[in-house]
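Below: one structure, written as structure tokens.
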Amino acid sequence: MLSGNISENITLTKRNTYLLLGEVFVTDSTTLTIEPGTVILGDFKTKGSLIISNGSKIIAEGKPTDPIIFTSNRTDKKPGDWGGIFILGDAPINVFGKVASLNYGLNPSSTESISYGGDNIDSNSGVLDFIRIEYAGKKTKGFENFSGLTLAGVGLKTAISNVMVSYCEGHSFNVLGGEVNLTKTVSFRSNKNDYNFNNGTQCHIENALAVRSPYISSADGSRCMSATSYDLKENADTSKKQTFVNAENLTLVNISNDLKSDIKVGLVQEAIFIGPDVSFNIHKSVISGFKPAVIFDEGIEINSENLERIKITRSYFNNCKGNIFKKYASNNDDLESWYGSRAFDNVYSKGPDSETFIDSDNSRSPDFRLRINKIIASNDLFDDDDDE
């Protein structure tokens, strides 16, 4: 059982199963090491959560055949059964005073345990590799849901790769400020956003997959990606870097029983939302089954300066009711034409997913985003009878 504060270096071993009881804080520059194949259960009654405080580290290096698994301790597992994982660092965020605190109703013994942000671009909070996070995202009173994995003020020397978040009641990946690279990540059936970026994060995300279901979504909607620079502009320090997301080789797909009907009744929304003062690049990616594929916030003025900050190139838009729109705009023909021109090399198409996502063993093929069929099959995602 893990509970309270962990303030001495500790290693979790494969031969044991561990229970996160309540909020577990790794503090005082401590390193938490987790062996490949270890299973950590989040307690349902106390909504177990793991918080790696600023200055501490997690070294969780699983293997392809022996991943580290964080999941619910209930036999009948449901989204939101437990809290989630928070990793905090001292990389820059775009708030006044350079430092912020997690706002999820956590109860640490010291506010330092939930503080993040600073000047250290190269901040190192450890390693996550071959990790599965399942059924996280507990609801809170007066705060938003926990996310499967929250990265707050995390720096470039933190290594995040081969992480899969499934059945989360909140965001799957929630990146708040910092400078971080995400490689080979998967989000499956998140209730909220698959990838959420805010607070001036500088993020490169590559070889990522998001599988959405139109039948699982929060009341305020959810997307594959949401990129914003702030919640309220007056709370953001505009002298600092605002959010920048550079995305390459992404597959964003909506799995629907009847896409046309689901769009008609309002169950489907955009795959990507881009807020004001955000720079966003997406390259060599596939977006399939949304309404529309991309939406710009209504506050973004369509001019050359803003269009230079939002680059969409060599991407394949399939079965989307509209491709690139501005929110509430009555006519989006100019945007559609701009990004549909030969200069950007995008393709607008209508076709079944069975043809869009062709399996391939040609590992040298540069423009095949992610082998979605293999990823889904290897994790037995559609064999799960939790269809809700």
Side-chain angles (χ1 to χ4, degrees), residues 182-190 193-195 197 203-214 222-227 245-256 258-260 262-263 268-274 278-296 307 309-326 332-377 381:
L182 302 178
T183 306
K184 297 179 183 176
T185 55
V186 178
S187 171
F188 183 74
R189 290 195 177 185
S190 171
N193 299 326
D194 295 290
Y195 298 93
F197 304 96
C203 183
H204 179 77
I205 176 171
E206 184 177 15
N207 293 333
L209 169 66
V211 180
R212 294 215 63 79
S213 167
S222 51
R223 313 167 175 95
C224 293
M225 300 185 78
S226 175
V245 177
N246 186 47
E248 185 171 354
N249 293 344
L250 268 59
T251 299
L252 312 177
V253 59
N254 177 53
I255 304 295
S256 173
D258 186 336
L259 182 60
K260 188 176 292 185
D262 289 341
I263 287 175
V268 180
Q269 65 178 87
E270 71 271 14
I272 299 173
F273 174 81
I274 301 172
V278 167
S279 297
F280 185 91
N281 296 341
I282 187 167
H283 182 58
K284 290 196 302 183
S285 297
V286 173
I287 304 172
S288 184
F290 295 91
K291 178 195 175 185
V294 182
I295 276 189
F296 296 0
L307 291 177
R309 288 211 311 260
I310 303 172
K311 297 178 181 178
I312 303 170
T313 55
R314 292 193 63 193
S315 291
Y316 190 89
F317 298 80
N318 183 63
N319 269 343
C320 292
K321 189 173 178 61
N323 299 295
I324 302 167
F325 284 6
K326 178 178 175 178
N332 293 282
D333 290 347
D334 288 347
L335 272 179
E336 297 271 49
S337 298
W338 173 262
Y339 288 105
S341 71
R342 294 184 63 183
F344 297 99
D345 201 19
N346 296 313
V347 176
Y348 300 158
S349 178
K350 301 286 183 183
D353 285 344
S354 59
E355 294 178 6
T356 300
F357 301 106
I358 300 172
D359 197 6
S360 169
D361 289 319
N362 182 7
S363 61
R364 292 178 297 176
S365 176
D367 62 341
F368 192 80
R369 274 67 33 187
L370 269 173
R371 291 163 181 78
I372 184 174
N373 296 337
K374 283 187 176 179
I375 289 172
I376 290 174
L381 296 178

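As the structure is a computational prediction, the values presented were derived from the model and not from experiment.
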Between Phe290 and Asn319, is there a side-chain heavy-atom distance shorter than 4.5 Å?
no
Which is it for Ile272 and Glu270 under the side-chain contact (heavy atoms from CB on, under 4.5 Å) test, yes or no, and what are the steps along the way?
CA-CA 6 Å; Ile272 299 173; Glu270 71 271 14; 5.9 Å; no
CD on Gln269 to NZ on Lys321, rounded to 0.5 Å
15.5 Å
Derivation of the side-chain contact (heavy atoms from CB on, under 4.5 Å) call for Val245 and Val278
CA-CA 8 Å; Val245 177; Val278 167; 5.6 Å; no
Is it the case that the side chain of Asn346 and the backbone of Ser315 share a donor-acceptor pair, with hydrogens and angles ignored and the cut-off at 3.5 Å?
yes
Is there a side-chain contact between Ile324 and Ile312 (heavy atoms, below 4.5 Å)?
yes
Nearest 0.5 Å, what's the CG-CG distance between Asn254 and Leu259?
6.5 Å
Give a yes or no on this: more than 12 heavy atoms of other residues, nucleotides or ligands lie within 6.0 Å of atom NZ of Lys350.
yes
Who are the side chain to side chain donor-acceptor pair (under 3.5 Å) partners of Ser349, not counting sequence neighbours?
Tyr316
Sequence neighbours excluded, the answer for side chain to side chain donor-acceptor pair (under 3.5 Å) partners of Ser256 is Asp262
Ignoring hydrogens and angles, tell me if any N or O in the side chain of Glu336 forms a donor-acceptor pair with the backbone of Asn323 under 3.5 Å.
yes
Return the minimal non-hydrogen interatomic distance between Tyr195 and Ala210, and the atom names on each side.
CE1-CB, 4.0 Å
Between the CD atom in Glu206 and the CD atom in Glu248, the distance rounded to the nearest 0.5 Å is 5.0 Å
Residues that Phe296 engages under ring-ring contact (aromatic ring centres under 6.0 Å, His included), provided they are two or more places apart:
none
Side chain of Asn207, backbone of Lys184: donor and acceptor closer than 3.5 Å?
no
What do the steps show when you test Phe197 against Met225 for side-chain contact (heavy atoms from CB on, under 4.5 Å), and what is the final call?
CA-CA 8 Å; Phe197 304 96; Met225 300 185 78; 3.4 Å; yes
I want to check something: taking the side chain as every heavy atom from C-beta on, are Ile282 and Thr313 in contact at a cut-off of under 4.5 Å?
no
Could you tell me whether Arg212 and Asp194 have a side-chain N and a carboxylate O separated by less than 4.0 Å?
yes
Got Asp258 and Lys260 here, is their nearest side-chain heavy-atom distance under 4.5 Å?
yes
When you compare the side chain of Ile255 with that of Val211, does any pair of heavy atoms fall below 4.5 Å?
yes
Out of curiosity, Cys224 SG to Ile287 CD1, how far, rounded to the nearest 0.5 Å?
8.0 Å
Using a 3.5 Å distance criterion without hydrogens, assess whether the side chain of Ser285 forms a donor-acceptor pair with backbone atoms of His283.
yes
Does the side-chain contact (heavy atoms from CB on, under 4.5 Å) test come out yes or no for Ser226 and Asn193, once each step is laid out?
CA-CA 7 Å; Ser226 175; Asn193 299 326; 3.5 Å; yes
Heavy-atom distance under 4.5 Å between the side chains of Asn332 and Lys326, does that happen here?
yes
For the backbone of His204 and the side chain of Asn246, can you confirm whether one donor and one acceptor N or O come within less than 3.5 Å of each other?
no
Does Asn318 have any side chain to side chain donor-acceptor pair (under 3.5 Å) partners at least two apart in sequence or in another chain, and if so, which?
Ser288, Thr356
Sorted by chain and number, sequence neighbours left out, salt bridge (charged side-chain N to carboxylate O under 4.0 Å, His left out) with Asp345 holds for Arg314
Not counting sequence neighbours, which residues clear ring-ring contact (aromatic ring centres under 6.0 Å, His included) with Phe344? List them please.
Trp338, Tyr339
The reported gap from OG1 in Thr183 to CG in Asn249 (rounded to nearest 0.5 angstrom) is 11.0 Å
Can you tell me how far apart OG (Ser222) and CZ (Phe273) are? Round to the nearest 0.5 Å.
13.5 Å
